[in-house]
Structure formats: structure tokens, C-alpha cells
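Proteins come first, then strands; the chains are lettered A, B, ... in the order of their sequence lines, and each starts at number 1. The basis for the numbers below is simple: all heavy atoms, side chains too, and nothing from hydrogens, waters or symmetry mates.
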There are 2 protein chains.
Amino acid sequence: MMISTRGRYALRVMIDLAEHSQGSFIPLKDIAERQDISQKYLESIMTILSKKNLVQGVHGKGGGYSLIRDPKDYKIGEILLSTEGSLAPVACLECGVSTCDRAADCKTLPMWGKLNNIINQYLDHITLDDLIHNTIEERLKNKDWLK
Amino acid sequence: MMISTRGRYALRVMIDLAEHSQGSFIPLKDIAERQDISQKYLESIMTILSKKNLVQGVHGKGGGYSLIRDPKDYKIGEILLSTEGSLAPVACLECGVSTCDRAADCKTLPMWGKLNNIINQYLDHITLDDLIHNTIEERLKNKDWLK
DNA sequence: CTTATTACCTACCTCTTTAGTAGGTTTTTT
DNA sequence: AAAAAACCTACTAAAGAGGTAGGTAATAAG
């Protein structure tokens, strides 16, 4: 298992925001109730999204959260990367990990590299808008996303 | 991160077996030294591979481990699935997990399902032999593996 | 200017998994 | 009988997952 609840909940929150805010700010309490997720736990996730400038938070009465961009302009990979820290399928490919001394003639590394590329290309090809309108199939129909 | 050392070491062991055994049995001690992995830890991994009938173990002097099939006939996905238990990118897709009550109109589930398919198709398309002879690029050249 | 509402911050907690280690038992060949 | 190997059982330290608890700061409405 690769994507934890943090990433999955983040996606659900952002879909909720897209579907329920008309320029207004949505209190986290509402989202937590609709999505049936602990508000306290969501708070820690929103802090991440807010710091990464994926959502905007406004204090006080009438405040809450809203998206910053159009749903079409959020790549799924971007959201997941923010909350998960890394999407690499193996530790060897994680950003910041010094390459192991076997890397040069590792028989498995190329395979992991390709897998990593495929996953990231897929997730960066799909947008928040695609999830909302269920247009994933159309996106994948031709395989141009796969380089 | 998705694949732990268990899965990664398992692949390296099986590559080592393919490259060093000519019908003979290779003691784990040799593999552990060549691969620079703790022998004791490898033992627990070999137990899994042996029970899944991916390798064959022979007791006593002159014994050791060997592959059972031709390297061409081992799919990478098969080996990883055995050691990791599951390759699903999210818990929702894990075998044996009862579907959550939101599944019916979950906006994200189709996306996870597709990701799961892509990962498994990729890993089931590549064989142990491909790793050994570095023929992955050729395999991926046309995109027929992706359904 | 007070109160309600909201985001935001800090600290903690339990459970599971990972990545091993340690020490012994059984099987087989020499 | 001895050596070499797989195999088995139990334990452990560290990290991460998935939260909970209790506060502080900002803002809008009255």
C-alpha cells in the first residue's frame, strides 16, 4: 500500500470544496460531516494543503477553506505528492536518498525507475476536474500520457 | 513507498539464483555475501518464496536453493505479490477488505482502480529474464501491455 | 468591545509494520 | 558421527499510520 489516508482524504476534501463552494469559504466542520472524517484529523491535512498553496484558509466567522485555482488546474499527482511526501514505489527512488553503491549495476533499478515514471505520468495526467466529472476513461483512451 | 525490502531483496535473490546456479543448489550464505544482505533476514524471505513454490530448498551439505522454472516464466508481479502480500496502491483495493459504504459513488475509486490495473499490468508483463538481460525497454516499446 | 466562529498550533497516544537479531531444530551428505 | 545446510520460533527497536486533546490567534457580527 502506497497512498495513506492522508492523501486519500486530501483528494476527497478538495473534491468537496470544488463541488460546494461558489466563491465562498467552506468551514472544515461541514466538510468533515459530509465526508464522515474526523475534523481534528482533517485539520492536520488542511495545514499541509494550505502551506503548499493548494487551498486557501480564512479565519473567523464566515471563514473556512476554498480552492485557489480552477479544478482543471490541479493535477492529482501534485495533491498526493504534497500530502504523502513521496510517491516513489521503492525507497531507492525517494528524493533525497543518496544512491546506493550498487545502483550502477543494479539489475532491478531500471524496472523501478520505469514503474515510478508510469505512476507519475498517470497521476499527473489526471486533474481534479476529471475526478469530479468522471472523465478518466476519455483521458486514457489514447495512450499519449505514457511516454 | 510501496515495495519494502522484503520484495526488493526477493527479486535480487532470484536474479542471483538465476545467474549462479547451473542445475546446482546455492547455499544462502553465498547469496547473502554476494548481495550483502543479512543471511538471517534472508532466511525469512526464502521461507516465503519456498512456501509459494517460487524456489526450491534442499537440506544438508550440498544443499541450498534453486529456481524451479525458467527465468522467462517468472513474472515480476508474481514474486512481489508473494512477498509483499498486496500490491494495491490504496487500502480500498486490498484483497479481503470489505468495500466501504461510500464505494458506490466514490469519485476517487475509479482512479485508484485504474492505477492498480496499470501497476499490475506493468509488473506482470516483465519477467525475471527481462531484468537479467535488461530487455525492459524493448518490452515497453509498443504499449500493448497496457489494456 | 465582547462573543461566537473559525483556522491554526503543539503535544501526545496506540497500534501495526518494518527490518532485522538470536538461538535453536531438523535434514542430508560426507 | 560430524558438518553443512534449510527451517522454525521468539524477540526487539524504530518508524509510520491514524488519530485525539487542548489550546491560541484572527476575524466578523452584535
### Task
Rounded off to whole Å, could you give me the OH-to-C1' distance for the A:Tyr41 and C:dC13 pair?
14 Å
### Task
Return the value, rounded to whole Å, for the distance between atom CD1 of B:Ile48 and atom P of D:dT9.
14 Å
### Message
What is the distance, to the nearest angstrom, from the CD1 atom on A:Ile45 to the C1' atom on C:dA7?
### Response
15 Å
### Residue-phosphate contact under 4.0 Å: A:Tyr9 side-chain N/O, D:dG19 OP1/OP2
yes
### Query
Taking A:Asp129 as the fixed residue, which of A:Lys75, A:Arg69, A:Lys72 is the one that meets the salt bridge (Lys or Arg N to Asp or Glu O under 4.0 Å) rule?
A:Lys72
### Query
Below 4.0 angstrom from OP1 or OP2 of D:dG19, is there any side-chain N or O of A:Ser38?
no
Under 3.5 Å between N/O atoms: give me all the protein pairs with nucleotides 1-7 of chain D, atom names plus distance.
from: D:dA6; atom 1: OP1; to: B:Leu28; atom 2: N; distance (Å): 2.8
from: D:dC7; atom 1: OP2; to: B:Tyr65; atom 2: OH; distance (Å): 2.6
from: D:dC7; atom 1: N4; to: B:Glu43; atom 2: OE1; distance (Å): 3.2
from: D:dC7; atom 1: N4; to: B:Glu43; atom 2: OE2; distance (Å): 3.3

### Task
Kindly determine whether A:Ile68 and A:Tyr74 satisfy side chain to side chain contact (heavy atoms under 4.5 Å, CB included), including the steps that lead there.
CA-CA 10 Å; A:Ile68 291 176; A:Tyr74 287 99; 3.7 Å; yes
#### Entry: Parallel, tilted or perpendicular: rings of B:Tyr9 and B:Tyr41 (30°, 60°)
perpendicular
### Integer-rounded Å distance: C:dA19 C1' and B:Arg8 CZ
11 Å
### Summary
Atom CG of A:Leu17 and atom P of C:dA7 are separated, to the nearest Å, by 10 Å
### Message
Strictly below 4.0 Å: does A:Ser4 bring a side-chain N or O up to OP1 or OP2 of D:dG16?
### Response
no
### Query
Salt bridge or not for A:Glu43 and A:Lys29, using N-O below 4.0 Å?
no
### Task
Using atom CG of B:Leu49 as one end and atom P of D:dC8 as the other, report the distance to the nearest whole Å.
14 Å
### Query
Which nucleotide in the set D:dC8, D:dG18, C:dG20 lies at the smallest distance from any side-chain heavy atom of B:Lys51?
D:dC8
### Message
How many whole angstroms separate atom CE of B:Met1 from atom P of C:dT18?
### Response
9 Å
### Query
In terms of side-chain geometry, is the basic nitrogen of A:Lys114 or B:Glu137 positioned less than 4.0 Å from the acidic oxygen of its partner?
yes
### Task
For D:dG18, take OP1 and OP2 only and decide whether either is under 4.0 Å from a side-chain N or O of A:Arg6.
no
### Query
Can you tell which of A:Leu115, A:Leu80, A:Leu87 makes a side-chain contact (heavy atoms from CB on, under 4.5 Å) with A:Asn120?
A:Leu87
### Query
Would you call A:Lys107-B:Glu19 a salt bridge at under 4.0 Å N-O?
yes
### Value in whole Å for how far the P atom of C:dT17 lies from CE of B:Met2
17 Å
